[in-house]
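Beneath this line is the structure, given in structure tokens, with notes to follow.
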Protein chains: 2
Amino acid sequence: MQAAEAVETIQREMTVFARRARASAGRLHPELSLVSYTLLGHLEESGGCRATDLAALHALDKSTVSRQVAALERAALIERRVDPEDHRVQLLHLTDAGRRILAQVTESRRAAFRERLAEWPPGDLERFAEYLVRYNAWGAPPAG
Amino acid sequence: MQAAEAVETIQREMTVFARRARASAGRLHPELSLVSYTLLGHLEESGGCRATDLAALHALDKSTVSRQVAALERAALIERRVDPEDHRVQLLHLTDAGRRILAQVTESRRAAFRERLAEWPPGDLERFAEYLVRYNAWGAPPAG
DNA sequence: GTTCTTGGTTGCATAGTACAACTCCAGGAG
DNA sequence: CTCCTGGAGTTGTACTATGCAACCAAGAAC
């Protein structure tokens, strides 16, 4: 395979993947859309942050994040705490229920990936992971 | 990197990619959404097919395809020809304009991918392409 | 204090999607 | 032939996700 052809293939396969991901988003875990999942995931990692941070990180409009956050709060998966240092700011935190649901969905997704990748030789898995990281890192804010 | 860790990484990076693709879909090419693009692409490859085939192929409801097709026809990118053998059937074909737009968008996407992958060693490109094909082939209908 | 900036919410519009009910037509049963 | 069945598409309805613009509230700058 030539390098130019490889680029074509990568483009085509990434498109296929994006289309499938879009189509199946929300069907796997009706409780937690892909966006909600990543929002919760970031709250878990960061230990709480502002809605504006989430919007910037995910390239979403703040209104969209506001509504997602409202939905997650209604579902009691997160809670808002007004920042004592700046009363405009709401610091978002996972609730115990949120942590639990996030862990469930993560585990379910993990199982699906494990099954899908079960036949892969370890060396291929490692290289594939490395390539994806490199691919996604392109144009990303450093350490963002 | 251990294999288990590699699976985690693949999962996380695929999620990142899916989220970004979703966010940026339609912003790059306002004229042609990701779904429309793949529909046109399939018409190009297949040389014309039925709306039902497109729906099955992309796991979309036939009503969704019907509206997408209507929009593409309004934009004069495709045309419908009633099948002379079965008057229920509409065979969809690209118009010259459709072929032109599809080629433009493809070229634009190709340029973006080329730029993004410009620094990659050829061997890595080929392996990455191969891995993506293998990944997407999982659970796909044979030769579908 | 007045003005500017920032975090967040809400009103409005749009795209994409699914489900269900419908029409149209082809093909077989009688 | 007529009637039924089934497949291809369309349309009505609803819902979700999203963005933009306008707004409100609270600090910050002057």
Side-chain angles (χ1 to χ4, degrees), chain A residues 15 18-40 43 46 48-75 78-93, chain B residues 15 18-40 43 48-75 77-93:
Chain A
T15 303
R19 178 165 43 66
R20 287 202 192 150
R22 184 185 195 109
S24 68
R27 267 197 281 275
L28 297 178
H29 305 286
E31 289 283 306
L32 217 52
S33 74
L34 187 60
V35 169
S36 297
Y37 175 73
T38 55
L39 292 183
L40 287 191
L43 288 182
S46 66
C49 69
R50 305 175 304 166
T52 298
D53 299 335
L54 294 179
L57 202 66
H58 299 276
L60 291 171
D61 192 79
K62 58 183 181 172
S63 65
T64 300
V65 173
S66 174
R67 285 181 244 265
Q68 293 278 341
V69 163
L72 289 173
E73 189 191 28
R74 269 197 305 278
I78 68 176
E79 61 184 13
R80 322 188 200 207
R81 306 177 191 159
V82 171
D83 186 341
E85 315 229 320
D86 184 342
H87 285 199
R88 293 169 303 179
V89 172
Q90 300 173 358
L91 294 173
L92 306 173
H93 290 268
Chain B
T15 304
R19 179 165 42 65
R20 287 203 193 149
R22 184 185 195 109
S24 68
R27 265 197 283 276
L28 297 178
H29 305 288
E31 288 284 307
L32 217 51
S33 75
L34 187 61
V35 168
S36 297
Y37 176 72
T38 55
L39 293 183
L40 288 191
L43 289 183
C49 70
R50 305 176 304 166
T52 298
D53 299 335
L54 294 178
L57 201 67
H58 299 275
L60 292 171
D61 191 80
K62 58 182 179 171
S63 65
T64 299
V65 173
S66 175
R67 284 182 241 265
Q68 293 279 338
V69 163
L72 290 173
E73 190 192 28
R74 269 196 304 278
L77 302 184
I78 66 175
E79 62 184 13
R80 321 187 201 207
R81 307 178 190 161
V82 172
D83 186 342
E85 315 229 319
D86 184 341
H87 285 198
R88 295 169 302 180
V89 171
Q90 300 174 357
L91 294 174
L92 307 174
H93 291 267

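Letters A, B, ... are given to chains in the order of the sequence lines, protein chains preceding strands, and every chain is numbered from 1.
- Between the CG atom of Leu34(B) and the C1' atom of dA17(D) there is a distance of 16 Å, rounded to whole Å.
- In this structure, the nucleotide among dC25(C), dT13(D), dG19(D) sitting nearest to the side chain of Arg67(B) is dT13(D).
- The line from OG of Ser36(B) to CG of Leu77(B) is 8.5 Å long, rounded to the nearest 0.5 Å.
- Residues Gln90(B) and Arg81(B) are not in side-chain contact: their nearest non-hydrogen atoms beyond the backbone lie 4.5 Å or more apart.
- With rounding to whole Å, Asp53(A) atom CG is found 8 Å from dG7(C) atom P.
- Protein atom CG of Leu39(A) is 13 Å distant from nucleotide atom C1' of dT18(D), rounded to whole Å.
- For dG19(D), one of the phosphate oxygens OP1 or OP2 lies less than 4.0 angstrom from a side-chain nitrogen or oxygen of Thr64(A).
- Of the candidates dG9(D), dT9(C), dC25(C), the closest approach to any side-chain atom of Lys62(A) belongs to dT9(C).
- Judged purely by distance below 3.5 Å, without hydrogens or angles, the side chains of Ser66(B) and Ser63(B) never pair a donor atom with an acceptor atom.
- Separating the CD atom of Glu73(A) from the P atom of dT9(C) is a distance of 9 Å, rounded to the nearest angstrom.
- At the phosphate of dA26(C), OP1 or OP2 sits under 4.0 Å from a side-chain N or O atom of His87(B).
- Between Leu92(B) and Asp53(B) there is no side-chain heavy-atom pair separated by less than 4.5 Å.
- Nucleic acid contact class of Val35(B) (heavy atoms, under 4.0 Å, all strands): sugar-phosphate only.
- Summarising the geometry, atom NE2 belonging to His93(A) is positioned 8.5 Å from atom CG belonging to Leu43(A); distances are rounded to the nearest 0.5 Å.
- For Val89(A), whose side chain is taken as the heavy atoms from C-beta onward, the closest listed nucleotide among dC25(C), dG7(C), dA26(D) is dG7(C).
- Summary of the strand contacts: Glu85(B) and Asp61(B) both lie near DNA chain C, and taking for each the nucleotide with the nearest heavy atom, the more 5' one is attributed to Asp61(B).
- If you check every strand for non-hydrogen atoms under 4.0 Å, Asp86(B) touches sugar and phosphate atoms only.
- Of the listed nucleotides (dT18(D), dA26(C), dG7(C)), dG7(C) has the atom at the smallest distance from the side chain of Arg50(A).
- Closest to the side chain of Arg88(A), from the set dA17(D), dG16(C), dT6(C), is dT6(C).
- Checking dG8(C), dT6(C), dG19(D) against every side-chain atom of Leu60(A), the shortest atom distance belongs to dG19(D).
- Remark: P of dA8(D) and CG of Leu92(B) are 13 Å apart, rounded to the nearest angstrom.
- Distance from the side chain of Gln90(A) is smallest for dT9(C) among the nucleotides dC20(D), dT9(C), dA8(D).
- Both Ser36(A) and Arg80(B) sit near DNA chain D, but only Arg80(B) has its closest nucleotide nearer the 5' end.
- Using a 4.0 Å heavy-atom criterion, one finds that Ser63(A) contacts the bases of the nucleic acid, with or without backbone contacts as well.
- Closest to the Gln68(B) side chain, of the nucleotides dA22(D), dG16(C), dA17(D), is dG16(C).
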